[in-house]
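Beneath this line is the structure, given in structure tokens, with notes to follow.
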Number of protein chains: 2
Amino acid sequence: MAIPLRIIDPDKLKTACSTCSLHELCLFPGLSTAEMKAVDHLVDRRRVVKRGDYLFRAGVNLHSLYAIRTGFLKSCVLHEDGREQVAGFHMMGDLMGMDAIGTNQHLCDAVALEDSEVCEIPLKDLESLSREIPSLQHHFHRIMSREIARDYGIMLLLGSMRSEERLAAFLLNLSQRFGARGYSAHEFHLRMTREEIGSYLGLKLETVSRTLSHFQAQGLISVQNKHLRITNIEGLQELVGQHGCRT
Amino acid sequence: MAIPLRIIDPDKLKTACSTCSLHELCLFPGLSTAEMKAVDHLVDRRRVVKRGDYLFRAGVNLHSLYAIRTGFLKSCVLHEDGREQVAGFHMMGDLMGMDAIGTNQHLCDAVALEDSEVCEIPLKDLESLSREIPSLQHHFHRIMSREIARDYGIMLLLGSMRSEERLAAFLLNLSQRFGARGYSAHEFHLRMTREEIGSYLGLKLETVSRTLSHFQAQGLISVQNKHLRITNIEGLQELVGQHGCRT
DNA sequence: GCATCTTCTTGACTCAGATCAAATTCGGGT
DNA sequence: ACCCGAATTTGATCTGAGTCAAGAAGATGC
């Protein structure tokens, strides 16, 4: 395990959290320099996942959590009978794999929708380091909790919104997340197919397509295949939670 | 803070996790006696919540997590526009409040559906004790993770099951949970209204009622208002994941 | 550059579950 | 025991989204 004596190990440098531009989004903001140093050793290694490849598959044993550095992935829950549903879309700074801690087995497939790069964080190491750094521990709990909160939002969406509201909420969510990461919040590339959007929103791909066309006709957005531009964000916001039909 | 010198403080005794019959279900299984002792001090106090009362409300600051000792509660997520949806039903041994760690504010209302009793676990104390007891720490992570896993299941249910499947899955879930707690798995009391079931499953109360009647006509269950008896559990199991229509 | 496969759009029709509307039963309070 | 509001059941009708189908537009590979 001895690291070869080199002045700069370029690989290590690239992996280090302390030099990572994502560290405010990712697991470890607001740590002292010394703590940051300790965290650097936590991040085992980076891994590249090509478009279409699996980061992990349902059923395999958990060894690490994965923090996304670049790229875009989806997670798919699998039902015993073969049905499959997109449970989330994940981008830079998101942490994946937390659903597997309970059973020690991944519950969902994680598939890259574009070439992506992730940092592996062995759970054992994260747990032992968070025993030493209370702020890291608390931050990890916050991240798990936010995942629960996100899921509650999706449950609300699936359980009580009509198709237009779902899609509007989806677009606003993407917009907000791209914006938070320094990308344009009103113009972006949809990395997933209509079918994947539909699966995530509990709709059929035809409904997704129709609803997008409808939004475009209303002047809310302009879509050209996967390129999307939000032209009236207030209009979309009004749509969400407007048609309070399904009481 | 000095505890009055008495041989037995009956209140403390009742609160102690080490003597609690739930401790295998609840947060702290498999600890040494010494560790158990430390955990006892963690559980701040017990609280009684009368039927219809709130354990906590959306928006209030988090101070504690709550482990249910007895009773039955629901949690309701609130949409800004006043829409409300049941996010879960919680019983003996379940832990509530984890959704609030992320923002430090509760996201949902927790309402007792029958007179209930909970143990308050201050998050700060749980975090500091779990820094000392690795198995407690890991178990807490597992519980949060299981909550995420549960939510994935609900997303699958809401996003891709038809009404009969949803209700069958719901009944089987209740059955399994009652069974795991030593109650009858095939005969129990529904503590929630049809409307609450519907809200949880993304259906209208009429649909819930009709579907229950339909199940009864098929000989799968027998319902008499809130009293439910499962007469053909395999039949229900077949129903879930049978009609794989919504691909 | 062409062929092929996948993804997307749009239209016509159908149906599961929502909505509206009674009638009935239950449960808590006096 | 009786009353009253809430919860449940059941029926009739309506509708939003699913299903089926066919063509168009993009991607991918040779």
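Throughout, a chain's letter reflects where its sequence line sits, starting with A, and its residues are numbered from 1. For the numbers below, each heavy atom of this structure counts, side chains included, while hydrogens, waters and symmetry mates do not. Here the structure is a predicted model, which means the values were calculated and not measured.
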*Ring centre gap for A/Tyr200 and A/Phe89 strictly below 6.0 Å*: yes

So, does [X] get its side chain near the phosphate of [N], meaning an N or O under 4.0 Å from OP1 or OP2?
X        : N      : answer
B/Arg194 : D/dT9  : yes
A/Gln216 : C/dT9  : no
A/Arg51  : D/dA27 : no
B/Asn225 : D/dT9  : no
A/Lys204 : D/dC20 : no
A/Thr207 : D/dG18 : yes
B/Ser209 : D/dT8  : no

*asked:* Please compare B/Gln224 and A/Lys226 by the position of their nearest nucleotide in DNA chain D and report the one closer to 5'.
replied: B/Gln224

Could you tell me how far apart [X] ([atom1]) and [N] ([atom2]) are, to the nearest whole angstrom?
X        : N      : atom1 : atom2 : result
A/Met192 : C/dC8  : CE    : C1'   : 15 Å
B/Arg162 : C/dA18 : CZ    : C1'   : 15 Å
A/His189 : C/dT7  : NE2   : C1'   : 13 Å
A/Glu206 : C/dT7  : CD    : P     : 13 Å

*A/Asp53/A/Arg47 salt bridge by N-O under 4.0 Å criterion*: no

*Examine the base of D/dG16 for any acceptor or donor lying under 3.5 Å from a partner atom in the side chain of A/Arg210, and report the outcome as yes or no.*
no

